[in-house]
2 protein chains.
Amino acid sequence: MVRSNPLMIWWALSGTGTRQVSKTETATARPLTSRQLAALIGVSQSAISRAFTPGSSISSDLRSKILMAARDYGYRPNAIASMLTTRRTNIVGVVVSDMQNPFYPALLAQLTQGLQAAGLQSLFFNISPGASIEDQLHAIRTYNVDAVVIISATVLNERMLTWATEGRRSILLNRLGHEDITTVCCDNTLGFRSLVDHLFETGRRRIGYVAGFTTSGVGLVRYSAFTTRLAELGMRLVGTSTRQAYTHEAGRLSTLDLIPLEPDAIVYASDILALGGIETIRMAGRAKDIAVTGFDDIPMASWPGYSLTTYRQPVREIVDRTVELLLATDIGPPQRHTLQGELMIRATTDPAGWADVPPSA
Amino acid sequence: MVRSNPLMIWWALSGTGTRQVSKTETATARPLTSRQLAALIGVSQSAISRAFTPGSSISSDLRSKILMAARDYGYRPNAIASMLTTRRTNIVGVVVSDMQNPFYPALLAQLTQGLQAAGLQSLFFNISPGASIEDQLHAIRTYNVDAVVIISATVLNERMLTWATEGRRSILLNRLGHEDITTVCCDNTLGFRSLVDHLFETGRRRIGYVAGFTTSGVGLVRYSAFTTRLAELGMRLVGTSTRQAYTHEAGRLSTLDLIPLEPDAIVYASDILALGGIETIRMAGRAKDIAVTGFDDIPMASWPGYSLTTYRQPVREIVDRTVELLLATDIGPPQRHTLQGELMIRATTDPAGWADVPPSA
DNA sequence: ATTTCCTATGAATGCGATTTCATTGCAATG
DNA sequence: CATTGCAATGAAATCGCATTCATAGGAAAT
């Protein structure tokens, strides 16, 4: 709908613009305001506002007249102005700290889509090494976001968290151990129990474990679920290793520690660690003996070259629940939402062994 | 260059933490307004505003008095309100369409960090299949973002683009062929010429090509640079294949088409395609004969298990240039910025061949 | 000492909507 | 027919800050 716009003419004649309108400077043409539109079609400014406010007291005749005029003149309500009076921004602050781990971009993409579908925009706060955490938390408050969703806030301590989220709806994704904030999290315990069960059923008994962060809530829960189930089934924990990171390299290195301990399976705290582990195990030519499991089910896990047995995080459900909580009219006390994932059995736990040759010379 | 940001001042004076907040700051209580603070310490509201506005006419005595009071009472300027008067939001709309390709999350992470460092926030617009493009473009305008950065807008057509970006500073990353918008892009031509040169020098002569989108500007430029250099060096193009996508699977499938043509090297339009190709080539046991090159240098390319020869996109430089352009005070006509990357020589072009065994049974 | 010129400040005026309040007209009721 | 009640509309008052305007008080200049 590229129709010639009376607005431009109006502005040109109105004399408000003493600036020279250059070709590149169309930026300065200010959009029509509700008052101007009202004047143009001879109604009150209130009427314009009502026409755009569902459920307000206005006749459908007048409303449609206004909406058509708005379309013709290219008027659209200024969101900033309405934020000021309604004190609602329809903006959700999304705090991200770890974009290295491929799981998070995937989660992020779905989350923003889910929010968009609900009419919410996402304002990004990147809390990563190199970014100023203080400034970002500060911005969360001055921009008056309606809500805050924190994705894996391993960087934030409890006090920062409560300060940043104070007074606004907020949800912590994939993190545990915070009393004051509602959390939505995959069922890590069930996940690791399933993985151990699967290893047991496929005949593995001597298990190694590679952790990411051993300090975070999720990290602890995963390890604890793992060891508990191991003990219940009478399996042996041959060793644990960590590099305090969820990266491919950390997976490679930690696996080097474990191989000498002769495990017949290694459980990794996340897929990205497991992918690193696969590489080390292949280099060592041990793929025939050592089963591998991950956690997350990132896209790479299902690539034929890896075919990693893992536990799928229910990303869709996490996102849906999150959006649902954000839209709920009544906010109760902080809640814990635990969503069930799914065991994805692939080649790396095949009792017959998987590829035992290093992929690269 | 860092834009002077009122918030910086606040933080500078606020100390490193240990805010002494009066207990009056309950969640339900509305935040203090400048007028209230003014009344509390007996100055005018204008003074409060000036205290937070760098370069405004105010004595340093009064300013520091106000800033300290602000800290004590927990006052902070309401960004929404100031947007209304200044007509500047300090928000950049970031339009993303393809989060599947790992290159984009990486670019995105760096971009948001670069913007943050310059005092700009990023509002996300996810234009992906499943999201309503119309709604998102609409939102870009009603939220009055200061600028728009579009990352790989393969989904948007020319008319949508101009409509969405009309009247605001906007930059297109990694896309070519748009006259009206400033673009910042890696030097694709140089990149593909370098790759071909490298293949020539390492003795390859029969080359295959796997494309992503063959319709996009970047896709065309890459292919054209590739074939041109091939001809110049008298090398032979044995075949081309595409699945119209930049995915691992597309790489796998396209490679299946090419292998029967007996190439001694395959050039892929991007790393993610090449990774898929590596898999197919390994399965076929042809890694000894077929060299592989990618483009982007995503993290996975340097994993030992792949060790993919590729051309690094200068992400840091792209981000820096973008931020610089956004902060520039004078906007000229649309410009083309082409930044040079770097040839990353790894194992997949080793004349001796790389791993020739399928990594997974 | 008088004039001039700044600088620092306060008062007042928007920014562009939402929302309350008051008013009008018309239908329904007695 | 008079009265009540409701729906639709306009006028006016915010919302919280930025900025212009007006002014008081000094310092500098004469």
Side-chain angles (χ1 to χ4, degrees), chain A residues 7 11 14 16-18 28-67 69-70 73-90 141-144, chain B residues 4-7 9-10 29-67 69-70 73-90 141-144 146:
Chain A
L7 164 61
W11 274 102
S14 76
T16 325
T18 42
T28 52
R30 277 161 55 162
L32 211 59
T33 71
S34 62
R35 179 156 280 119
Q36 291 168 339
L37 181 63
L40 280 171
I41 61 180
V43 301
S44 75
Q45 182 266 331
S46 323
I48 309 288
S49 175
R50 289 189 182 110
F52 284 93
T53 308
S56 59
S57 173
I58 186 174
S59 67
S60 56
D61 272 5
L62 183 53
R63 164 169 281 152
S64 61
K65 173 181 169 189
I66 290 178
L67 291 181
Y73 289 103
Y75 167 79
R76 94 189 44 259
N78 179 331
I80 306 285
S82 71
M83 288 176 194
L84 187 57
T85 53
T86 61
R87 248 118 303 286
R88 290 192 56 251
T89 56
N90 279 336
R141 297 187 64 140
T142 59
Y143 276 90
N144 276 315
Chain B
S4 62
N5 186 333
L7 306 182
I9 293 182
W10 192 89
R30 279 209 210 159
L32 214 55
T33 71
S34 62
R35 178 155 281 119
Q36 289 170 335
L37 181 63
L40 279 172
I41 61 180
V43 300
S44 74
Q45 180 264 327
S46 324
I48 310 287
S49 174
R50 290 188 182 111
F52 284 92
T53 307
S56 60
S57 174
I58 187 175
S59 67
S60 56
D61 273 5
L62 183 54
R63 165 170 279 154
S64 60
K65 173 180 168 189
I66 290 177
L67 291 180
Y73 288 103
Y75 166 79
R76 90 189 50 258
N78 179 332
I80 307 288
S82 71
M83 287 176 194
L84 190 56
T85 55
T86 60
R87 220 168 283 295
R88 289 192 50 252
T89 56
N90 279 338
R141 298 188 61 138
T142 61
Y143 276 90
N144 275 317
D146 286 346

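If you're wondering where the values come from, they're calculated on a predicted model, not measured in any experiment. Each chain gets a letter, A, B and so on, in the order its sequence line appears, and its residues count up from 1.
- Side-chain contact between A:Ile48 and A:Val43 is present, with at least one heavy-atom pair separated by less than 4.5 Å.
- Rounded to whole Å, atom C1' of C:dT19 lies 14 Å from atom CD1 of A:Ile58.
- The side chain of B:Ser82 places no N or O atom within less than 4.0 Å of a non-bridging phosphate oxygen (OP1 or OP2) of D:dC17.
- A close approach under 4.0 Å does occur between a side-chain nitrogen or oxygen of B:Ser57 and OP1 or OP2 of C:dA8.
- Here the straight-line distance linking atom CG of A:Asn90 with atom OG of A:Ser82 works out to 8.0 Å at 0.5 Å rounding.
- Side-chain N/O atoms of B:Ser56 and base N/O atoms of D:dA18 include no donor-acceptor pair closer than 3.5 Å.
- Atom-to-atom, CZ of A:Arg30 to P of C:dG14 comes out at 12 Å; the value is rounded to the nearest Å.
- Here the closest non-hydrogen pair linking A:Tyr143 and B:Ile80 is O-CD1, 3.9 Å.
- Contact annotation: A:Ser34 reaches the phosphate of C:dA17 (side-chain N/O to OP1 or OP2, under 4.0 Å).
- Within 4.0 Å of A:Ser59, counting heavy atoms only, lie sugar-phosphate atoms of the nucleic acid but no base atom.
- At D:dG16, none of the side-chain N or O atoms of B:Thr33 fall inside 4.0 Å of OP1 or OP2 (strictly under the cut-off).
- Atom CG in A:Asn144 sits about 10 Å away from atom P in D:dG16, given to the nearest Å.
- For C:dG10, one of the phosphate oxygens OP1 or OP2 lies less than 4.0 angstrom from a side-chain nitrogen or oxygen of B:Ser44.
- For A:Leu84 and D:dA13, the CG to C1' distance is 13 Å, given to the nearest whole Å.
- Note: CG (A:Asp61) to P (C:dG25) measures 18 Å, nearest angstrom.
- Here the straight-line distance linking atom CG of B:Asn144 with atom CZ of B:Arg87 works out to 8.5 Å at 0.5 Å rounding.
- Computed from coordinates, the A:Arg50 CZ to D:dG10 P distance equals 8 Å when rounded to whole Å.
- Rounding to whole angstrom units, CG of residue A:Leu37 and P of C:dT18 are separated by 13 Å.
- At D:dG16, one or more side-chain N or O atoms of A:Arg87 fall inside 4.0 Å of OP1 or OP2 (strictly under the cut-off).
- Residue-to-nucleotide proximity on DNA chain D shows that, of A:Arg35 and A:Gly42, the 5′-proximal contact is made by A:Gly42.
- When heavy atoms are screened at a 4.0 angstrom cut-off, A:Leu62 is found touching the sugar-phosphate backbone but no base atom.
- Regarding B:Gln45, its CD atom lies at a distance of 13 Å from the C1' atom of C:dC15, rounded to whole Å.
- In this structure, A:Tyr75 and A:Thr33 approach most closely via the heavy-atom pair CE1-C, 3.6 Å.
- Mapping B:Ala47 and B:Ala81 onto DNA chain C by nearest heavy atom places B:Ala47 closer to the 5' end of the strand.
- Look at A:Thr86 and you won't find any side-chain N or O under 4.0 angstrom from OP1 or OP2 of C:dT18.
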